[in-house]
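Scroll down for the structure; my scribbles are underneath it.
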Amino acid sequence: QVQLVESGGGLVQAGGSLRLSCAASGRTFSTNAMGWFRQAPGKEREFVAAIRWSGGSTYYADSVKGRFTISRDNAKNMMFLQMNSLKPDDTAVYYCNAGYGYSNYVPQNYWGQGTQVTVSS
C-alpha cells in the first residue's frame, strides 16, 4: 500500500555530511508520519529520527540529536535526513519507514530497500 525508496547514501570521512532522501508513493494517507531507521552489521535495526506529516513534530534518537535533522516536503511526498558531524559509528544501512507519531514514533510495516552510509576515520 505504501512504497518507499531511499537514496543519497555513500562514503564520507568522519566529520563530513550527507543528505538522505526517501520518496513515498501509494496510500501514504494511511499513516501520519515517516521516519528513518538504521542497521549496522551484527546489530539490530535501531530508530534514528521521524517526523509527522503535519504539525512539525519531530523525534530523534539521543545518539543523533544535534547532528541530524529530519525534514519533509509533503507536496512531493518526500522525506530527508541531513546528517552532519558524521562518526564511524553512524555507518549502517539506512531505511525509510512510514508509521505514526504521537508521544513516540511507532513504525508500521512499510520499508524501503535501504541505502548504505559508510563513514571512514
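What you are looking at is a predicted structure, and each value in this text was computed from that prediction instead of being measured.
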Exercise. Has Arg38 got its NZ or CZ under 6.0 Å from the middle of the six-membered ring of Tyr95, at an angle within 45 degrees of the ring axis?
Worked result: no

Do [X] and [Y] sit in the same hydrophobic cluster, where Ile, Leu, Val, Met, Phe, Trp and Tyr count as joined when their side-chain heavy atoms come under 4.5 Å apart?
X     : Y      : answer
Trp36 : Tyr105 : no
Tyr94 : Tyr59  : no
Val12 : Leu20  : yes

Closest heavy-atom pair and its distance - [X], [Y]:
X      : Y      : value
Ala98  : Leu4   : N-CD1, 3.8 Å
Ala14  : Ser121 : CB-CA, 4.3 Å
Thr31  : Gly99  : CB-O, 3.1 Å
Gly101 : Asn32  : N-OD1, 2.9 Å

Quick one: does any side-chain atom of [X] pair with a main-chain N or O of [Y] as donor and acceptor, under 3.5 Å?
X      : Y      : result
Thr115 : Gly9   : yes
Gln39  : Glu46  : no
Gln113 : Glu6   : yes
Tyr60  : Ile70  : yes
Asn97  : Gln108 : yes
Arg72  : Arg52  : yes

Exercise. Would the number of heavy atoms belonging to other residues, nucleotides or ligands and lying under 6.0 Å from CG of Asn109 be above 12?
Worked result: no

For this session: Start with the C-alpha gap between Ser71 and Met79, add the side-chain angles, then the distance that decides, and say whether side chain to side chain contact (heavy atoms under 4.5 Å, CB included) holds.
Result: CA-CA 6 Å; Ser71 61; Met79 177 181 64; over 6 Å; no

To the nearest 0.5 angstrom, please state how far the [atom1] atom of [X] sits from the [atom2] atom of [Y].
X     : Y      : atom1 : atom2 : result
Phe68 : Thr58  : CZ    : OG1   : 14.5 Å
Ser54 : Asn74  : OG    : CG    : 7.5 Å
Gln1  : Gln3   : CD    : CD    : 8.0 Å
Phe47 : Asn104 : CZ    : CG    : 8.5 Å

Problem set entry | Presence of salt bridge, Lys87 and Asp90, under 4.0 angstrom | no

Exercise. Which of these passes side chain to side chain contact (heavy atoms under 4.5 Å, CB included) with Met83: Thr69, Val64, Val117, Val119?
Worked result: Val117

Exercise. Would Trp111 and Phe37 satisfy ring-ring contact (aromatic ring centres under 6.0 Å, His included), going step by step from the backbone distance to the final call?
Worked result: CA-CA 9 Å; Trp111 300 93; Phe37 286 71; 5.1 Å; yes

For this session: Test side chain to side chain contact (heavy atoms under 4.5 Å, CB included) on Met78 and Ser21 and set out the steps.
Result: CA-CA 7 Å; Met78 294 193 71; Ser21 299; 4.0 Å; yes

For this session: In sequence, state the C-alpha distance, the side-chain angles, and the governing distance for Ser30 and Val2, and then conclude on side chain to side chain contact (heavy atoms under 4.5 Å, CB included).
Result: CA-CA 9 Å; Ser30 65; Val2 179; 4.1 Å; yes

